[in-house]
Number of protein chains: 2
Amino acid sequence: MNSDFVIASHSLVLLANLPGHMANSEMIAENVCTNPARVRKIMSTLRKNGLVKTKEGIGGGYILNCDPEKTTLSQIYKASSYGSLKPHWCTGDPEKSCVISSNTQVIMDQIFNESELHLQSFFNQITISNVLERIKNLE
Amino acid sequence: MNSDFVIASHSLVLLANLPGHMANSEMIAENVCTNPARVRKIMSTLRKNGLVKTKEGIGGGYILNCDPEKTTLSQIYKASSYGSLKPHWCTGDPEKSCVISSNTQVIMDQIFNESELHLQSFFNQITISNVLERIKNLE
DNA sequence: TTAAACTGTATATATTAAATTTACAGTAGA
DNA sequence: TCTACTGTAAATTTAATATATACAGTTTAA
């Protein structure tokens, strides 16, 4: 699992909680504890997925472009980390004559794809607002 | 996600398919495409979880110690990779005064723990035999 | 009773992925 | 037209993953 998903979620929760729902990459990076360039890269993909809007130039930054009550972690996951559940390393070798060795990669691929669907159906139950509430209830 | 889970699953499927349900670390490593020391380490944890038995000395190796019809990927996951869903890198900083920054780690932790339970309930539907069938049906 | 073939495990090394840093072009507001 | 932003790429550093090596302990068989 890629940590882009965590950064993306954190950033959106932060924006949702901000008056005006806006912040620039430096402020977000400071809050998330990473560097502005990374934030910009991740926010850029969120923009391409319609979750935020971007404002360039002086006084610019990122503005929430979705309803936090309706937007779920599933959308954020899809935008930021689709396919990252499967480990990079794969077992077996398609060239081998052994049925197991040659076919395990394909089957494990299938299983991870199905797993990701299950994960998404779970993430789909959690909205940005839910996460924000949970955070505030900790206080 | 740790690839130990994939190696563990592959190895158990391989054993399940073998006459006598037995193989040594070198044979398994060759089939999985890794080195014998890694296989031994993973099989050693499977043994501690009762999924295989070990036979040391000449003619030794690993023997399946579970019913492949009843043993699920969930058990294998728990034995080999419990907790590996959560990324290593965590956002936010508990020391910060901002509610979001200081509490996101805890909440995301919770969310990943819950995610893992969902994943497990999916893995729990897939037995070693199921995986073996899927592999053979590819032929 | 000793040599051979295994496992168990630790440690060092190599490789790969992840994250940071730096840099700079493009854009918009003052 | 200067300044403060985003977008993006490339270089570097850091951390995680995987391999290789080594050797003690165990069992079997000659």
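Note that these values count all heavy atoms, side chains included, but never hydrogens, waters or copies made by symmetry. Throughout, protein chains are lettered first and strands after them, A, B, ... in sequence-line order, and every chain is numbered starting at 1. Fair warning: this is a prediction, and the values are worked out from it, not measured in the lab.
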Problem set entry | Length of the CD1-C1' vector between B/I58 and C/dC6, whole Å | 8 Å
For this session: Quickly work out the B/E26 CD to C/dT7 P distance and round it to whole Å.
Result: 9 Å
Exercise. Is the A/F122 to B/F122 ring centre distance short of 6.0 Å?
Worked result: no
Exercise. C/dT22 P sits how many Å from A/R38 CZ, rounded?
Worked result: 17 Å
Problem set entry | Contact under 4.0 Å: B/S44 side-chain N or O vs C/dT9 OP1/OP2 | yes
Exercise. With a non-hydrogen cut-off below 4.0 angstrom, is A/N24 in contact with a base, only sugar-phosphate, or nothing?
Worked result: sugar-phosphate
Exercise. Charged N to carboxylate O under 4.0 angstrom, B/R47 versus B/E56?
Worked result: no
Exercise. For B/T54 and C/dC6, is the shortest distance between a side-chain N/O and OP1 or OP2 below 4.0 Å?
Worked result: no
Problem set entry | Parallel, tilted or perpendicular: ring planes of A/F123 versus B/F112, cut at 30 and 60 degrees | perpendicular
For this session: May I ask you to say what B/K48 touches in the nucleic acid, namely base, sugar-phosphate or nothing, with a heavy-atom cut-off under 4.0 Å?
Result: sugar-phosphate
For this session: Assess whether side chain to side chain contact (heavy atoms under 4.5 Å, CB included) is satisfied between A/S11 and A/I42, documenting all intermediate values.
Result: CA-CA 9 Å; A/S11 304; A/I42 293 169; 5.8 Å; no
Seminar exercise, completed: By nearest-nucleotide position on DNA chain D, the 5'-leaning member of B/N35 and A/G61 is A/G61
For this session: Evaluate the side chain to side chain contact (heavy atoms under 4.5 Å, CB included) criterion for residues A/H10 and A/V131: first the C-alpha distance (whole Å), next the side-chain angles of each, then the deciding distance (0.1 Å), finally the verdict.
Result: CA-CA 9 Å; A/H10 184 146; A/V131 178; over 6 Å; no
Problem set entry | Any B/R47 side-chain N or O less than 4.0 Å from OP1/OP2 of C/dG8 | yes
Exercise. Given atom CG of A/D4 and atom C1' of C/dA17, what is their separation to the nearest angstrom?
Worked result: 12 Å
Exercise. Nearest-Å distance, CD (A/E56) to P (C/dA30)?
Worked result: 15 Å
For this session: Working to the nearest 0.5 Å, report the span between OG1 of B/T127 and CD of B/E133.
Result: 6.5 Å
For this session: Check the pair B/Y62, B/N24 against side chain to side chain contact (heavy atoms under 4.5 Å, CB included), reporting the backbone distance first and the verdict last.
Result: CA-CA 6 Å; B/Y62 301 94; B/N24 67 27; 5.7 Å; no
For this session: Tell me what B/R40 touches on the nucleic acid: a base, only sugar-phosphate, or nothing, going by heavy atoms under 4.0 Å.
Result: base
Exercise. Whole-Å distance between C/dT7 P and B/L46 CG?
Worked result: 14 Å
Problem set entry | Heavy-atom contact window of chain B on DNA chain D, given 5' to 3' at under 4.0 Å | D/dA16 to D/dT28
Exercise. Given that B/W89 and B/Y62 both sit by DNA chain C, which one's nearest nucleotide is further toward the 5' end?
Worked result: B/Y62
Problem set entry | Separation of atom CE in B/M43 from atom C1' in C/dC6, rounded to whole Å | 14 Å
